[in-house]
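To start, the structure under review is shown below, and the notes come after it.
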Number of protein chains: 2
Amino acid sequence: MQHTDFRLEKVNCSACPIRHRAVCARADDNELEKLNAIKFYRSFKAGETIVWAGEEVDFVASVVGGVATLSQTMEDGRRQMVGLLLGSDFIGRPNRETVAYDVTAISDVTLCCFRRKPFQELLSDTPHISQRLLEMTLDELDAAREWMLILGRKTAREKIASFLSIIARRETGSDTVDTGSNVAFDLPLTREAMADYLGLTLETVSRQMSSLKRDDVIVLEGKRRVVIPDFNALLEETGDDADGGVLV
Amino acid sequence: MQHTDFRLEKVNCSACPIRHRAVCARADDNELEKLNAIKFYRSFKAGETIVWAGEEVDFVASVVGGVATLSQTMEDGRRQMVGLLLGSDFIGRPNRETVAYDVTAISDVTLCCFRRKPFQELLSDTPHISQRLLEMTLDELDAAREWMLILGRKTAREKIASFLSIIARRETGSDTVDTGSNVAFDLPLTREAMADYLGLTLETVSRQMSSLKRDDVIVLEGKRRVVIPDFNALLEETGDDADGGVLV
DNA sequence: CACGCACCTTGACGCAGATCAAGCCAGAAA
DNA sequence: TTTCTGGCTTGATCTGCGTCAAGGTGCGTG
């Protein structure tokens with residue numbers, strides 16, 4: 001029974017719509033087996049808080065579908081997003097049972113969770129996985145540092161342009177967006193969430209979106225769908241060096 | 001000869017003024033031996049650039065003494081610091097031979113360097129070390145996220161207060177500064193570097209320092225030495241939750 | 001259908017912090 | 001001693017973005 005259970009789950013895991021970057025992507029059969037044994041799924045409705053800052057959680061997880069955010073809130077209500085979790089991103093960390101930020105479901109979210117205790121044991125046993133986790137964490141650190149430049153030094157217009165180019169890259173999945181060609185995607189965030197991402201107010205976000213639209217840098221179809229007729233033109237607006245879509 | 005060499009170096013490593021958080025802190029004799037075999041020292045003068053963004057480097061390193069920064073510069077000269085490296089901090093990363101940011105010596109700096117190739121091999125062989133590196137990276141990520149809140153949502157005054165409390169904690173080495181008691185330390189950064197840290201101009205930094213001084217939150221002895229008569233009063237100014245000196 | 005609600009847009013106005021400009025201070029060099 | 005230089009301070013003015021306020025839009029529900 002345990003055996004069939006595992007078989008079933010294994011198929012299940014490979015079938016996750018997006019393969020989990022963190023743990024499944026390069027795992028071999030043996031590791032997959034162990035992962036499947038400690039795995040379960042949880043779903044959250046849009047707007048629901050997945051974990052509150054300071055809360056204890058007994059699992060780590062990988063985002064299977066939907067969008068979630070990490071954010072910090074000050075006493076007087078000022079809020080700053082510090083992490084944006086899309087498909088296959090990782091939540092939680094080994095060797096720390098409390099979470100430091102509010103984790104919120106922005107759309108309906110499905111998580112593939114791993115029970116913390118056994119996951120940590122797996123980590124110690126399988127250097128492979130802990131090295132993979134290190135790589136991921138370094139990538140996140142890079143993203144955080146790019147974000148810091150945006151927050152600290154860019155104008156509102158540059159912030160919006162940078163945000164759009166980041167989302168375009170992540171949503172379309174291609175690191176090197178064909179510059180010059182049409183790119184289209186749905187914004188995974190409301191204007192307010194964008195504001196929390198960029199350290200702006202939602203009014204300023206709205207104004208700058210309108211302004212970029214007026215200047216034909218973007219085309220809006222409805223409020224959420226964005227078409228970028230010329231990706232290079234967008235990159236011009238970000239204030240970054242012009243040498244292509246390099247993240248770091 | 002190799003043997004004596006190693007003996008010598010081993011003593012040397014333990015004797016590093018500050019024990020390297022990254023690699024030596026918890027290493028056993030066997031690991032120390034391997035580390036010592038691939039180790040060398042380099043020094044830089046204040047103001048010197050250690051590595052330029054995009055440059056290839058064949059070593060990773062631990063800061064033994066002095067202060068260095070990671071920073072990004074935009075075409076038009078706007079600069080944002082994204083990392084502050086004090087004693088025992090780690091520079092560089094496994095599996096990436098180019099560096100993404102300018103690394104600059106702010107004071108005279110001594111690095112304890114490890115040749116990249118053998119260091120990476122050591123990482124694969126010793127899960128211990130790669131796990132330690134993961135822990136460190138997660139700490140850095142936390143710091144980056146705290147920093148993002150500062151950059152995105154805090155006022156100039158709050159930024160300065162937050163900066164001072166961070167430096168106080170790092171310079172005095174105590175995670176839990178005795179709130180209420182006197183704390184004194186030397187600023188490791190110029191006003192300009194503080195501005196680059198906080199996403200401000202140097203004039204605003206100067207004005208806010210003066211303002212905090214006028215309000216008796218801090219005492220300045222010369223331009224660099226800061227005395228904080230009441231640490232709680234400083235924490236009040238940061239805008240953070242009042243429950244003590246928690247970093248995350 | 002209309003009603004409500006969540007989300008978005010746009011306008012008017014004020015202020016925190018940037019910018020421009022002048023001068024101060026302390027240590028080093030002559 | 002004076003002079004120079006790099007870092008710091010302070011003042012006056014300007015401006016980008018926040019704040020407050022008033023609608024607009026579109027979807028789900030009775």
Side-chain angles (χ1 to χ4, degrees), chain A residues 45-48 67 74 76-80 104-108 150-163 186-215 218-226 237 239, chain B residues 45-48 67 74 76-80 106-107 150-164 186-215 218-226 237 239:
Chain A
K45 291 247 158 287
E48 229 178 315
V67 185
M74 295 172 69
D76 60 4
R78 280 175 282 174
R79 195 141 35 94
Q80 177 63 53
T104 314
I106 287 278
S107 65
D108 291 354
I150 293 175
L151 288 172
R153 291 302 186 194
K154 293 196 178 179
T155 64
R157 175 179 258 246
E158 289 169 340
K159 284 179 175 182
I160 298 289
S162 302
F163 172 78
D186 284 321
L187 288 173
L189 302 181
T190 63
R191 299 290 186 265
E192 185 177 17
M194 288 172 62
D196 287 342
Y197 188 117
L198 297 169
L200 297 170
T201 58
L202 92 183
E203 292 95 329
T204 300
V205 170
S206 183
R207 270 188 256 275
Q208 296 300 333
M209 290 287 287
S210 301
S211 159
L212 286 174
K213 178 175 149 193
R214 239 188 334 272
D215 299 345
I218 61 174
V219 179
L220 289 175
E221 298 177 349
K223 324 225 152 192
R224 289 303 192 87
R225 185 150 194 88
V226 177
E237 299 285 347
Chain B
K45 292 247 159 284
E48 228 177 316
V67 186
M74 296 172 67
D76 59 4
R78 280 175 282 175
R79 195 140 35 93
Q80 176 64 52
I106 287 278
S107 65
I150 292 175
L151 288 172
R153 292 301 185 193
K154 292 196 177 180
T155 64
R157 175 178 258 244
E158 289 168 341
K159 284 180 175 181
I160 298 289
S162 302
F163 171 78
L164 292 175
D186 284 322
L187 288 173
L189 302 182
T190 64
R191 300 289 186 263
E192 187 177 15
M194 286 172 62
D196 286 343
Y197 188 117
L198 297 169
L200 297 171
T201 59
L202 95 195
E203 292 95 329
T204 300
V205 170
S206 183
R207 271 187 254 273
Q208 296 301 332
M209 290 288 286
S210 302
S211 160
L212 287 173
K213 179 176 149 193
R214 240 189 334 274
D215 299 347
I218 61 174
V219 179
L220 289 175
E221 298 178 350
K223 323 223 153 196
R224 289 303 192 86
R225 184 149 195 87
V226 178
E237 299 285 348

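All values below come from the heavy atoms of this structure, side chains included, with hydrogens, waters and symmetry mates left out. Sequence lines set the chain letters: A, B, ... in the order given, protein chains first and strands last, and positions in each chain run from 1.
- Residue B:Asp186 is tested with B:Arg225, B:Arg224, B:Lys223 for a salt bridge (Lys or Arg N to Asp or Glu O under 4.0 Å); the sole match is B:Arg225.
- For C:dA18, the OP1/OP2 oxygens have a side-chain nitrogen or oxygen of B:Thr201 closer than 4.0 Å.
- Rounded to whole angstrom, the span from the CG atom of B:Leu202 across to the P atom of C:dC20 amounts to 13 Å.
- Remark: C1' of D:dG18 and CZ of A:Arg79 are 17 Å apart, rounded to the nearest angstrom.
- The stretch residues 188-198 of chain B comes close to DNA chain D through B:Thr190, B:Arg191, each having a heavy atom under 4.0 Å from the strand.
- Heavy atoms of B:Gly199 sit under 4.0 angstrom from primed sugar atoms or phosphate atoms, though from no base atom.
- Within 4.0 Å of B:Arg157, counting heavy atoms only, lies no atom of the nucleic acid at all.
- Atom P of nucleotide C:dT19 and atom CZ of B:Arg78 are separated by 9 Å, given to the nearest angstrom.
- In this structure the side chain of B:Leu220 reaches within 4.5 angstrom of the side chain of B:Val226, judged on heavy atoms.
- Judged by atom type and distance alone, A:Glu203 reaches the base of D:dC20 through a side-chain donor-acceptor pair under 3.5 Å.
- The distance from atom CD1 of A:Ile150 to atom NZ of A:Lys159, rounded to the nearest 0.5 Å, is 9.0 Å.
- Here the C1' atom of nucleotide C:dA16 and the CD1 atom of B:Ile160 are 14 Å apart, to the nearest Å.
- The NZ-C1' distance, from B:Lys223 to D:dT5, rounds to 13 Å in whole Å.
- What separates CG of A:Leu200 from P of C:dT9 is a distance of 14 Å, to the nearest Å.
- Taking CZ of A:Arg153 as the reference point, atom CG of B:Asp76 lies at 10.5 Å (rounded to 0.5 Å).
- At whole-Å resolution of the value, NZ in B:Lys154 and P in C:dG17 are 13 Å apart.
- With rounding to the nearest 0.5 Å, the separation of OG1 in B:Thr201 from CZ in B:Arg207 is 7.0 Å.
- Taking atom CG of residue B:Leu151 and atom C1' of nucleotide C:dA16, one finds them 17 Å apart after rounding to whole Å.
- If you check C:dT10, D:dC8, C:dG17 against the side chain of B:Ser206, the one that comes closest is D:dC8.
- Judged by distance alone with a 3.5 Å cut-off, a donor-acceptor contact links the side chain of B:Arg207 to the base of C:dT19.
- Residues A:Ser211 and A:Arg157 approach most closely at OG-NH2, 2.9 Å, considering heavy atoms.
- Using a 4.0 Å heavy-atom criterion, one finds that A:Arg224 contacts the sugar-phosphate atoms exclusively.
- Between A:Glu237 and A:Gln208, the closest side-chain pair of non-hydrogen atoms is not below 4.5 Å.
- Considering only the side chain of A:Thr204, D:dC17 comes nearest among C:dA18, D:dC8, D:dC17.
- Across all strands shown, A:Ser210 has heavy atoms under 4.0 Å from sugar-phosphate atoms exclusively, and none from any base.
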